[in-house]
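Below is one structure, written out as structure tokens, with a few remarks after it.
Residue numbering restarts at 1 for every chain, and letters A, B, ... go by the order of the sequence lines.
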Amino acid sequence: MKSEPHVYSFENLVNDKTTHWDGVRNYQARNFMRDKMKIGDFVLFYHSNHKPPHVAGVAKVHKEGYPDFTAFDSESKYFDVSSTPDNPRWIMVDIEAVTPLNSIVSLADLKENPELEDMLVVQRGQRLSVQPVDKRHFDEVLRMSGTTI
DNA sequence: GCCAACGTTGGC
DNA sequence: GCCAACGTTGGC
């Protein structure tokens with residue numbers, strides 16, 4: 001899951017313990033949260049729009065997909081008039097912090113590692129804010145970071 | 001700041 | 001259904 005750290009960082013998540021992943025307005029990303037993310041699944045928390053972009057920590061799913069209530073709030077920047085409580089269009093999950101990486105793994109580090117050449121985040125044009133990670137890729141990122149969970 | 005790579009919108 | 005115009009993401 002990607003977040004711009006000046007908006008919401010992994011450190012914020014550590015302080016908050018859990019957070020709801022609101023504001024996703026992309027159908028593919030929504031579908032991953034709605035259909036694939038189960039309680040206890042591990043998450044790589046990625047800092048985008050940062051120098052350098054990097055994986056910052058590990059989180060896990062705390063609550064499975066449910067309606068993104070910010071879509072119902074006309075005061076919210078994520079308001080969507082076509083999403084209603086009876087027929088919600090957008091879904092979010094809650095995640096909880098597990099651990100920061102022992103050392104961060106930058107996007108350049110990911111791209112340098114041949115083991116990760118198939119990882120989605122290193123593909124060009126890959127903009128999805130929520131994307132699946134193969135277990136072997138997840139394990140390799142943790143190994144690179146010197147982190148055990 | 002630039003711009004490639006999208007995804008969405010809406011006229012036709 | 002096509003596709004041009006537009007907006008956004010996010011690395012560089």
Side-chain angles (χ1 to χ4, degrees), chain A residues 1-16 18-37 41-61 64-95 97-147:
Chain A
M1 302 180 94
K2 299 183 188 173
S3 183
E4 302 188 20
H6 69 272
V7 177
Y8 193 86
S9 68
F10 188 77
E11 191 173 40
N12 292 139
L13 179 61
V14 169
N15 290 334
D16 293 345
T18 71
T19 195
H20 45 83
W21 205 258
D22 61 4
V24 171
R25 296 293 177 267
N26 171 285
Y27 289 104
Q28 215 179 337
R30 178 205 66 181
N31 293 349
F32 288 130
M33 292 197 289
R34 185 188 62 192
D35 304 333
K36 300 297 186 190
M37 297 177 72
D41 285 353
F42 288 114
V43 172
L44 294 177
F45 195 109
Y46 179 88
H47 284 166
S48 59
N49 258 331
H50 188 266
K51 291 182 182 180
H54 63 275
V55 181
V58 178
K60 64 180 179 182
V61 177
E64 293 177 10
Y66 63 106
D68 181 343
F69 50 77
T70 63
F72 310 144
D73 176 5
S74 61
E75 301 295 303
S76 169
K77 66 173 176 172
Y78 298 126
F79 178 63
D80 181 349
V81 69
S82 59
S83 184
T84 64
D86 283 346
N87 189 16
R89 173 169 299 192
W90 304 113
I91 297 293
M92 60 186 173
V93 297
D94 290 359
I95 60 171
V98 174
T99 181
L101 294 190
N102 196 39
S103 61
I104 64 167
V105 179
S106 72
L107 180 60
D109 294 334
L110 298 176
K111 288 182 171 176
E112 276 180 11
N113 186 338
E115 298 291 323
L116 302 179
E117 65 180 353
D118 297 329
M119 193 175 178
L120 281 178
V121 75
V122 307
Q123 310 303 315
R124 70 198 312 256
Q126 178 50 64
R127 301 184 308 165
L128 278 186
S129 59
V130 179
Q131 53 185 247
V133 178
D134 286 354
K135 182 172 190 304
R136 64 192 175 93
H137 293 151
F138 180 90
D139 291 344
E140 177 63 9
V141 172
L142 258 61
R143 189 198 63 73
M144 292 166 75
S145 71
T147 307

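Residues A:Y27 and A:W90 bring their aromatic ring centres within 6.0 Å.
Among residues at least two apart or in separate chains, ring pair (Phe, Tyr, Trp, His ring centres under 6.0 Å) pairs with a member in residues 123-144 of chain A are A:F42-A:F138.
Taking a heavy-atom distance under 4.0 Å as the criterion, the stretch of DNA chain B touched by chain A extends 5' to 3' from B:dA4 to B:dT8.
Across residues 111-130 of chain A, A:K111, A:R127 each have a non-hydrogen atom less than 4.0 Å from an atom of DNA chain C (numbered order). Of all the residues in residues 6-13 of chain A, not one reaches under 4.0 Å from DNA chain C with any non-hydrogen atom. Of the residues in residues 70-81 of chain A, none lies under 4.0 Å from DNA chain B by heavy-atom distance.
Shown here are the ring-ring contact (aromatic ring centres under 6.0 Å, His included) partners of A:F69, two or more places apart in sequence or in another chain: A:H20. Listed by chain and residue number, A:K135 satisfy the salt bridge (charged side-chain N to carboxylate O under 4.0 Å, His left out) test with A:D139 (two or more places apart in sequence, or in another chain). Scored by the salt bridge (charged side-chain N to carboxylate O under 4.0 Å, His left out) test, A:R25 finds A:D68 as partners (sequence neighbours excluded). Applying the ring-ring contact (aromatic ring centres under 6.0 Å, His included) rule to A:H54 yields the partners A:H47, A:H50; only residues at least two apart in sequence or on another chain are considered. Listed by chain and number, the residues in a salt bridge (charged side-chain N to carboxylate O under 4.0 Å, His left out) with A:D118 are A:R136 (sequence neighbours excluded).
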Please report, to 0.1 Å, the donor-acceptor pairs under 3.5 Å made by any side chain of residues 120-128 of chain A, with sequence neighbours excluded.
{"residue": "A:Q123", "atom": "NE2", "partner": "A:E117", "partner atom": "O", "Å": "2.7"}
{"residue": "A:Q123", "atom": "NE2", "partner": "A:M119", "partner atom": "O", "Å": "2.9"}

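In terms of modelled atom types and a separation under 3.5 Å, the side chain of A:D16 and the main chain of A:T18 share no donor-acceptor contact.
Note on the helix from B:dG1-C:dC12 to B:dC12-C:dG1: angle between the axes of the first and last five pairs equals 10°, rounded to 10 degrees.
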